[in-house]
Novice: 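What follows is a single structure, and I will ask about it in a moment.
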Amino acid sequence: MDSLRAQQNLTSSPNSLTVSEQRELEQRLQKRQVKEFMSLFGNLVDNCFTACVDDFTSKALSGREGGCIQRCVAKSMTTQTRLSERFAELNQAMTAEMQNKRF
Amino acid sequence: MFGFGARAPTSAEKVAAVENELKVVAEMHTRMVKICSLKCVDKTYREGELSKGEAVCLDRCAAKFFEAHAKISDHLQQQSAQQGGGFGM
């Protein structure tokens with residue numbers, strides 16, 4: 001969320017917020033960030049488990065399943081990072097274009 | 001963005017407005033990641049790294065996602081303008 005904030009041209013300008021309002025906003029955004037991370041984590045577990053685990057002849061993860069999960073996590077993180085970069089670029093371009101259309 | 005009426009917005013409303021705008025953007029981000037991962041990444045996870053093909057696919061998917069978003073936004077605005085009354089996106 002920090003990267004989103006950095007390059008977001010908001011119509012409701014945060015610069016018009018008082019110091020205490022800005023602090024309130026910071027707190028809210030922090031809470032939001034924690035929630036986002038938790039749901040990211042949850043989705044990762046669900047996703048990688050579903051994709052990798054299908055052998056229930058044992059109650060322990062097999063070596064194959066463990067390796068798959070490791071690769072799944074690594075790949076998911078790389079994907080997230082790459083898409084976040086693309087998103088920031090595209091969002092900035094879109095916002096700039098929207099400003100131009102307005103004026 | 002939406003207009004708060006005749007009186008000035010309260011402190012809580014101002015903070016909420018900024019938070020909401022960021023929320024909308026964050027949600028779009030989450031949706032895009034989910035959909036483009038589905039479309040581009042091999043689900044068998046034979047490799048722990050993105051292949052070149054997958055990486056390029058993700059880049060293009062993101063770009064198309066944004067374009068589709070803009071197009072749909074325009075369509076909706078046109079439609080609602082025809083029917084009278086704005087929607088505002």
Side-chain angles (χ1 to χ4, degrees), chain A residues 1 3-5 7-18 20-29 31-33 35-36 39-40 43 47-48 50-52 67-91 93-95 97-98 101, chain B residues 1-4 8-51 54-70 73-74 77 88-89:
Chain A
M1 253 234 192
S3 61
L4 290 178
R5 252 192 294 162
Q7 43 87 24
Q8 188 71 16
N9 296 320
L10 298 174
T11 53
S12 36
S13 159
N15 297 320
S16 63
L17 296 178
T18 67
S20 75
E21 282 169 350
Q22 278 185 9
R23 242 185 300 132
E24 164 81 21
L25 182 71
E26 282 291 331
Q27 274 184 352
R28 295 232 209 148
L29 293 182
K31 256 207 282 190
R32 204 170 259 287
Q33 212 157 6
K35 236 169 77 166
E36 249 176 53
S39 83
L40 197 91
N43 288 331
N47 192 46
C48 293
T50 305
C52 291
C68 175
I69 287 176
Q70 213 167 347
R71 293 188 297 273
C72 174
V73 172
K75 214 170 193 181
S76 301
M77 297 279 87
T78 315
T79 303
Q80 181 85 21
T81 306
R82 193 181 183 100
L83 283 175
S84 294
E85 287 169 13
R86 291 296 92 75
F87 185 88
E89 294 162 9
L90 290 160
N91 193 40
M94 181 177 79
T95 311
E97 205 180 303
M98 271 166 49
K101 272 190 190 168
Chain B
M1 186 157 79
F2 291 104
F4 292 102
T10 67
S11 180
E13 281 171 350
K14 280 202 279 178
V15 172
V18 177
E19 193 190 359
N20 262 319
E21 234 183 292
L22 286 168
K23 177 178 157 187
V24 166
V25 174
E27 277 175 1
M28 185 183 174
H29 172 96
T30 307
R31 281 169 22 231
M32 186 198 79
V33 169
K34 181 170 165 185
I35 292 170
C36 289
S37 300
L38 254 158
K39 283 187 175 287
C40 290
V41 177
D42 165 37
K43 287 290 158 213
T44 63
Y45 298 108
R46 278 167 296 198
E47 295 284 324
E49 287 165 23
L50 284 174
S51 74
E54 285 171 331
V56 168
C57 176
L58 287 172
D59 292 347
R60 290 172 180 166
C61 178
K64 283 199 167 186
F65 189 86
F66 266 78
E67 207 183 317
H69 171 101
S73 174
D74 286 342
Q77 268 190 319
M89 252 193 204

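The sequence lines fix the lettering, A, B, ..., with proteins before strands; numbering per chain opens at 1.
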Novice: If you count heavy-atom pairs under 4.5 Å with chain B, which of A:Arg71, A:Met77, A:Glu97 comes out on top?
Specialist: A:Arg71

Novice: More than 12 heavy atoms of other residues, nucleotides or ligands under 6.0 Å from CD of A:Glu85: yes or no?
Specialist: yes

Novice: Among B:Ala55, B:Ser37, B:Ala12, B:Ala70, which residue forms the greatest number of heavy-atom pairs with chain A at distances under 4.5 Å?
Specialist: B:Ala55

Novice: Do the side chains of A:Thr78 and B:Glu49 get nearer than 4.5 Å, heavy atoms only?
Specialist: no

Novice: Roughly how far, to the nearest 0.5 Å, is the CE atom of B:Met32 from the CG atom of A:Asn91?
Specialist: 10.0 Å

Novice: Taking the side chain as everything from C-beta on, heavy atoms only, tell me whether A:Phe87 gets closer than 4.5 Å to B:Val33.
Specialist: no

Novice: How close do B:Ala62 and A:Leu83 get, heavy atom to heavy atom, and via which atoms?
Specialist: CB-CD2, 4.1 Å

Novice: Can you list everything that forms a side-chain hydrogen bond (donor to acceptor under 3.5 Å, both in side chains) with A:Arg28? Sequence neighbours excluded, please.
Specialist: A:Glu24, B:Glu19

Novice: Using side-chain contact (heavy atoms from CB on, under 4.5 Å), reason through B:Asp59 and A:Arg82 one step at a time and then give a plain yes or no.
Specialist: CA-CA 8 Å; B:Asp59 292 347; A:Arg82 193 181 183 100; 2.7 Å; yes

Novice: What distance do A:Glu36 atom CD and B:Glu27 atom CD have between them, rounded to the nearest 0.5 Å?
Specialist: 9.0 Å

Novice: Measure across B:Val15 and A:Leu17 and return the closest heavy-atom pair with its distance rounded to 0.1 Å.
Specialist: N-CD2, 4.3 Å

Novice: Against chain A, label B:Glu54 side chain, backbone, both or neither, depending on which of its atoms sit under 4.5 Å from a heavy atom there.
Specialist: side chain

Novice: Considering residues, nucleotides and ligands other than B:Lys43, do more than 12 of their heavy atoms fall under 6.0 Å from its NZ?
Specialist: yes

Novice: Got a sec, which residues hit salt bridge (charged side-chain N to carboxylate O under 4.0 Å, His left out) with A:Glu21, two or more places apart in sequence or on another chain?
Specialist: B:Lys14

Novice: What is the distance from atom CD of A:Gln80 to atom OG1 of B:Thr30, rounded to the nearest 0.5 Å?
Specialist: 7.5 Å

Novice: Would you sort out whether A:Lys75 and B:Asp42 count as a side-chain contact (heavy atoms from CB on, under 4.5 Å), showing the intermediate values?
Specialist: CA-CA 10 Å; A:Lys75 214 170 193 181; B:Asp42 165 37; 4.1 Å; yes

Novice: For B:Gly48 and A:Ala74, work out which heavy atoms get closest and say how close.
Specialist: O-CB, 3.5 Å

Novice: Go through the steps for B:Phe66 and A:Arg86 under the test side-chain contact (heavy atoms from CB on, under 4.5 Å), then give the verdict.
Specialist: CA-CA 10 Å; B:Phe66 266 78; A:Arg86 291 296 92 75; over 6 Å; no

Novice: Please classify the contact of A:Asn47 with chain B as side chain, backbone, both or neither, using a heavy-atom distance under 4.5 Å.
Specialist: side chain

